[in-house]
Student: 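Next up is a structure, given as structure tokens.
Residue numbers count from 1 along this sequence.
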Amino acid sequence: TGRIGMTLAEIATTLSSNPYFSAGAGLVGIGVGGQLLRQGYQVAKQYGKRRYLPTLEIASRDKSYEWVMQWISEKQGSSALQTSVETNFVQYENGEISTKTRLVPAPGKHWIYHKGRPIQIERQREKNMVDFSSGTPWETITLTTFDTTRRVFEEILEEAKEIAMKKEEGSTVIYTSMGGDWRRFGFPRKRRPLETVILDQGQKERIVNDSVRFLNSGSWYADRGIPYRRGFLLYGPPGGGKSSFVTALAGELKLNICILNLHARAITDDAVNHLLNNAPQRSIILLEDLDAVDTGRSGSLTFSGLLNALDGVGASEGGGRLMFMTTNRFETLHPTLIRPGRVDVKEYVGYATPYQAQRLFKKFFPTDEVLAQEFSQKVPKDQISMAQLQAHLMYHYDNPDLAVQKVGDLQMLPLKPAATSN
């Protein structure tokens, strides 16, 4: 054993006295030591980052993305120097356009303080990825701070939500279909009072009461296994106030509106099915020009595809759904499209009746009761729409006597422009 030990000692002495071996061993030792230090640093860095640097990533398609962007803009105030501009506009029925601009953080890294805590914000924009539903580049926002929990992010999301909801308080949010997703259309609009829309006597109250009873009957539908949905069909000539009434009803019920355009080329069977099953909560779904499917004006949407979307399994299991459909051509609708279960209530919204004419006149001239009665009797029966009647009163807004005198001339207006000869 001693001889073996001596042999090993001699070998070690010989190797250590060899300058080439000593230099190589030193380099190897330094390399190994450096590698261990680098690995240790990376491990410690990752541990510290995961333990003390919580992050929150929000994609541009998430609903909270707009809330957080708005929250950041208010936090930064006028001190932010690296900004991007976001412009939104709304075009009203009279042609007037309202625009609003907002400065938001530009792509890159920014710092803000929330309750004395520094928060790094990194906005990233992918150049090679586009959100096909909106045509905008794919973006993410990443928030990073110093903490041992994610509670601060929960507080930020809740605060951002409250700010957004407060701004929308008393307003109706309009969503429109873009590809297979719902997108906000313009800014939230002030709720339209229900009394500004005049339907025939008792009709408005009948629809409102039916809708309220439905919204309050969720447990009744669940206990009986009945799909929790209610379909209304408003039909009649143009200008009767069908879409206007739905807008006012949404305001009365404190709901938003999702407008599904059946004419759009991007509307396919799959897109409609996805849209109807993923509509924003507390919203009325409005399908305008329902006859577009039967007449082949609905782009890529097929008749069977619409039927499947209306009464699909997902629609019955996704919570209550209040749907309104409108058409100017009731006679062209296929019976299977408006059968019970798909359409539960049918309401004819036609030409102006004497009751509607009198109520509308009093909106313009509240004190002229006698003239209002005379006006309603002179309106041609079953010929004049409420839109046409309102335009007439707006033209004579400063002369009620002339408005009564000239209302009979409305029956001379052709439904289509007449051909003229030279």
Student: Can you tell me how far CG of Leu234 sits from OG1 of Thr326, rounded to the nearest 0.5 angstrom?
Tutor: 7.0 Å
Student: Grab the two heavy atoms, one from Trp182 and one from Ala279, that are nearest each other, plus how far apart they are.
Tutor: NE1-CA, 3.4 Å
Student: Is there a side chain to side chain contact (heavy atoms under 4.5 Å, CB included) between Ile384 and Tyr351? Walk through the geometry before answering.
Tutor: CA-CA 5 Å; Ile384 309 301; Tyr351 293 109; 5.6 Å; no
Student: Would you say the side chain of Phe153 lies within less than 4.5 Å of the side chain of Leu143, judging by non-hydrogen atoms?
Tutor: yes
Student: Less than 3.5 Å apart, any donor N or O on the side chain of Asp291 or Thr332 sitting next to an acceptor on the other?
Tutor: no
Student: Judged by atom type as modelled, is there a donor-acceptor pair below 3.5 Å linking the side chain of Lys406 to the main-chain atoms of His396?
Tutor: no
Student: Tell me, with the steps shown, if Val68 and Leu56 meet side chain to side chain contact (heavy atoms under 4.5 Å, CB included).
Tutor: CA-CA 11 Å; Val68 174; Leu56 172 66; 5.9 Å; no
Student: Hey, does Tyr175 have a side-chain heavy atom less than 4.5 Å from the side chain of Phe185?
Tutor: no
Student: So Trp71 and His114, would you call those rings parallel, tilted or perpendicular, with 30° and 60° as cut-offs?
Tutor: perpendicular
Student: Please check: side-chain N/O of Lys362 versus main-chain N/O of Ala372, any donor-acceptor pairing under 3.5 Å?
Tutor: no
Student: Can you check whether Gln281's main-chain N or O pairs, donor with acceptor, with Ser283's side chain at less than 3.5 Å?
Tutor: yes
Student: Quick check: does any side chain N or O of Thr145 sit under 3.5 Å from a backbone N or O of Pro118, one acting as donor and the other as acceptor?
Tutor: yes
Student: Just how far is it from atom OG1 of Thr144 to atom NZ of Lys109, taken to the nearest 0.5 Å?
Tutor: 8.5 Å
Student: Test your reading of the model: is there a side-chain donor-acceptor pair from Lys204 to the backbone of Val197, 3.5 Å cut-off?
Tutor: yes
Student: Counting distance only, does the side-chain N/O of Thr268 pair as donor-acceptor with the main-chain N or O of Ala271 below 3.5 Å?
Tutor: yes
Student: What I'd like to find out is whether the side chain of Leu410 reaches to under 4.5 Å of the side chain of Gln383, using heavy atoms alone.
Tutor: no
Student: Can you label the angle between the Tyr228 ring and the Phe214 ring as parallel, tilted or perpendicular, going by 30° and 60°?
Tutor: tilted
Student: Kindly give the heavy-atom pair with the smallest separation between Ile267 and Asn261, and that separation in Å.
Tutor: CG1-O, 3.2 Å
Student: Could you report the tightest heavy-atom contact between Thr247 and Ile257, atom names first, then the distance?
Tutor: CA-CD1, 3.5 Å
Student: Please check if the side chain of Arg339 supplies one atom and the backbone of Pro335 the other of a donor-acceptor pair under 3.5 Å.
Tutor: no
Student: Under 3.5 Å, is there a donor-acceptor pair between the side chain of Asn308 and the main chain of Ser304?
Tutor: yes
Student: In terms of side-chain geometry, is the basic nitrogen of Arg184 or Glu66 positioned less than 4.0 Å from the acidic oxygen of its partner?
Tutor: no
Student: Tell me if a side-chain donor or acceptor on Glu162 pairs with a main-chain N or O of Glu159 at a distance below 3.5 Å.
Tutor: no
Student: Quick check: closest heavy atoms across Ala59 and Tyr65, and the distance to 0.1 Å?
Tutor: O-CB, 3.4 Å
Student: List the atom of Arg191, the atom of Gly251, and the distance in Å for their closest heavy-atom pair.
Tutor: CD-O, 3.6 Å
Student: Say whether, by atom type as modelled, one donor and one acceptor occur between the side chain of Arg117 and the main chain of Phe146 under 3.5 angstrom.
Tutor: yes
